[in-house]
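Numbers restart at 1 for each chain; the letters A, B, ... are given by sequence-line order, proteins then strands. Just so we're clear, the structure is a prediction, and the values are computed from it rather than from any experiment.
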2 protein chains.
Amino acid sequence: MTTVQSQTDKRTRLIDTAMRLAHAHGFRETSLSDIAETAEVPIGNVYYYFKTKGELGEAVVERRLAEFQGFKEEMGHLSSAKERLFAFVDSIERRKDQLARGGCQWVGLCSELRLNGGALAAKSAALLNAPLAWLEEQFQAAGHGRDARGLAVHLFSAFQGTAAVAHGTGDPELVVMEVRRLKEWIAALMKTENVTTS
Amino acid sequence: MTTVQSQTDKRTRLIDTAMRLAHAHGFRETSLSDIAETAEVPIGNVYYYFKTKGELGEAVVERRLAEFQGFKEEMGHLSSAKERLFAFVDSIERRKDQLARGGCQWVGLCSELRLNGGALAAKSAALLNAPLAWLEEQFQAAGHGRDARGLAVHLFSAFQGTAAVAHGTGDPELVVMEVRRLKEWIAALMKTENVTTS
DNA sequence: GTCTATACCGAGATAGAC
DNA sequence: GTCTATCTCGGTATAGAC
C-alpha cells in the first residue's frame with residue numbers, strides 16, 4: 001500500500017510540477033530535468049511513469065480539463081444561467097495574479113501544443129472548446145439562443161484578451177477593470193430578454 | 001555596390017524569414033538552420049550578420065515595431081480619432097487569416113520573449129505598449145479622456161482575445177463576428193460624447 | 001565578406017544494475 | 001519498481017579556410 005501510494009504520489013507530483021512550470025515558462029521550454037528536479041523525482045525515473053515527454057504533456061492537458069470539469073460542477077449548484085455567467089467572470093477576477101504571471105492556463109497550453117500535431121494537438125483543442133461550449137449553453141439557457149455562440153465567443157475572447165494583456169504588462173489590476181466591464185455587459189444583456197432559470 | 005546590396009539583402013531576408021517562421025511556429029521553436037535554409041543563406045553565415053540568435057530576435061522585434069509605426073503613419077492621414085479607431089478595427093479584420101494561423105504577430109512575440117529576460121524582454125514589451133498608448137491617444141482625442149486608458153485596454157484586449165480564440169479554433173470568421181461587435185461598441189461610445197477632430 | 005567544418009552543450013530517451 | 005549511466009540527436013556558436 002505504501003508502495004502503491006508513493007507511486008501515485010510521484011506520478012501526481014510530476015504532473016503537478018509540469019503543470020506549474022509549463023504555465024510559468026511554457027511546456028516546451030520546460031525540460032524533463034527541470035520537472036524531475038522540482039518534483040524531487042530522480043531524472044531518469046520519469047520514464048517509468050511516462051514513456052515520452054508528450055505523454056506527460058497529455059497528462060497535463062487531462063488535468064487541466066479535469067480542472068474545468070470541476071469548475072462546471074461547482075457552477076451546477078447555482079440555480080440560474082445568469083448567476084453562472086457572473087460566477088465565471090468572478091472566477092477570472094479571482095485568478096488575476098495567476099493570469100498576470102502566466103496568462104490563461106487553458107488556452108496558453110492549447111495554443112502551444114497546437115503546433116505539435118498528432119494526438120496532443122487534438123486533445124488540447126478541448127481546452128478551448130470545452131469552456132466555449134459551456135458558455136454557449138449558459139447563454140442559451142438565459143434566453144439568448146439566437147446568437148448564443150457569438151455571445152460565448154465574445155465573452156471568452158474578452159477573457160483571453162484580458163489574460164494576454166495582463167500577462168504582457170504584468171499588471172493584475174487590468175483584470176479587475178475588464179471584469180467590471182464584462183459584468184456590466186452581462187447585466188445589460190440579461191435585461192434585454194430575461195427569461196428562465198437553469 | 002552590388003556587394004553592399006547583397007549584404008543588406010541577406011540581412012533583410014534573414015529578418016523577414018525569421019519573422020514569418022516565428023509567427024508560424026514561435027521564435028524559440030524556430031532554429032537558425034530553419035531560418036537560414038528558408039532564407040537561402042548558408043547556415044554558418046548567419047553569424048556574420050547576427051552574433052547570436054537573440055540579436056536576430058531583437059531585429060525581428062524592431063521590425064515588428066517599425067511595422068506598427070508604419071500603421072500609425074497611415075492612420076495619420078485620417079482626420080478624426082473616430083475614423084482612426086474604426087480603421088484600427090478594420091485592419092484587424094483584414095488580417096483575419098493571418099490571425100487565425102498564428103495569432104497576433106505583436107503580442108505573441110512579446111509574451112514569448114518575455115521569459116527570456118534581459119534586453120530582449122524589455123524591448124519586446126513595447127510591442128504591447130505602443131499600440132496601447134496609441135489607442136489611448138485616440139480615445140483621448142475623441143473626447144473620452146476620463147477613462148481613455150480603460151477604453152484602450154478594453155479594445156486592445158478584445159483584439160487580443162479574438163486573435164487567441166481564432167488561432168485556437170483556426171477559424172478566421174470569428175474575427176469578422178467580433179469586429180462587427182467592436183464597431184458597434186465604438187459607434188455607441190462615440191455617440192455618447194462626440195467631440196472633436198484629431 | 002563568404003562559407004565549411006566542427007566544437008560544444010543540453011535535451012530526450014534507453015539499457016540495464018540494483 | 002527504482003535509479004544511474006549513457007547514447008543520440010539537434011541546436012547554438014566558433015574557428016578558420018577561401
| note | From CG of Leu14(B) across to P of dG1(C) the rounded distance in Å is 15 Å
Ignoring hydrogens and angles, write down the donor-acceptor pairs under 3.5 Å from the side chains of residues 97-104 of chain B, residues two or more places apart or on other chains.
from     : atom 1 : to        : atom 2 : distance (Å)
Gln98(B) : OE1    : Gln105(B) : NE2    : 3.4

| request: Treat primed atoms plus P, OP1 and OP2 as sugar-phosphate and everything else as base, then score nucleotides 4-18 of chain D 5' to 3': B for base contact with protein heavy atoms under 4.0 Å, S for sugar-phosphate contact only, - for none. | output: B------SSBB----
| request: Using the salt bridge (charged side-chain N to carboxylate O under 4.0 Å, His left out) rule, collect all pairs that involve residues 162-181 of chain B, keeping only residues at least two apart or in two chains. | output: Lys96(B)-Glu173(B), Glu178(B)-Arg181(B)
| Tell me, which pairs form a salt bridge (charged side-chain N to carboxylate O under 4.0 Å, His left out) where one or both residues lie in residues 33-42 of chain A, sequence neighbours left out? | none
| message | Give me each pair satisfying salt bridge (charged side-chain N to carboxylate O under 4.0 Å, His left out) with a member in residues 53-72 of chain B, each pair once, sequence neighbours excluded. | response | Asp16(B)-Arg63(B), Glu58(B)-Lys123(B), Glu62(B)-Lys123(B), Arg64(B)-Glu67(B)
| task | Output all residues satisfying ring-ring contact (aromatic ring centres under 6.0 Å, His included) with Phe159(B), sequence neighbours left out; order by chain, then residue number. | result | Phe88(B), Phe156(B)
| query | Between atom OH in Tyr49(A) and atom P in dA13(C), what is the gap in whole Å? | reply | 18 Å
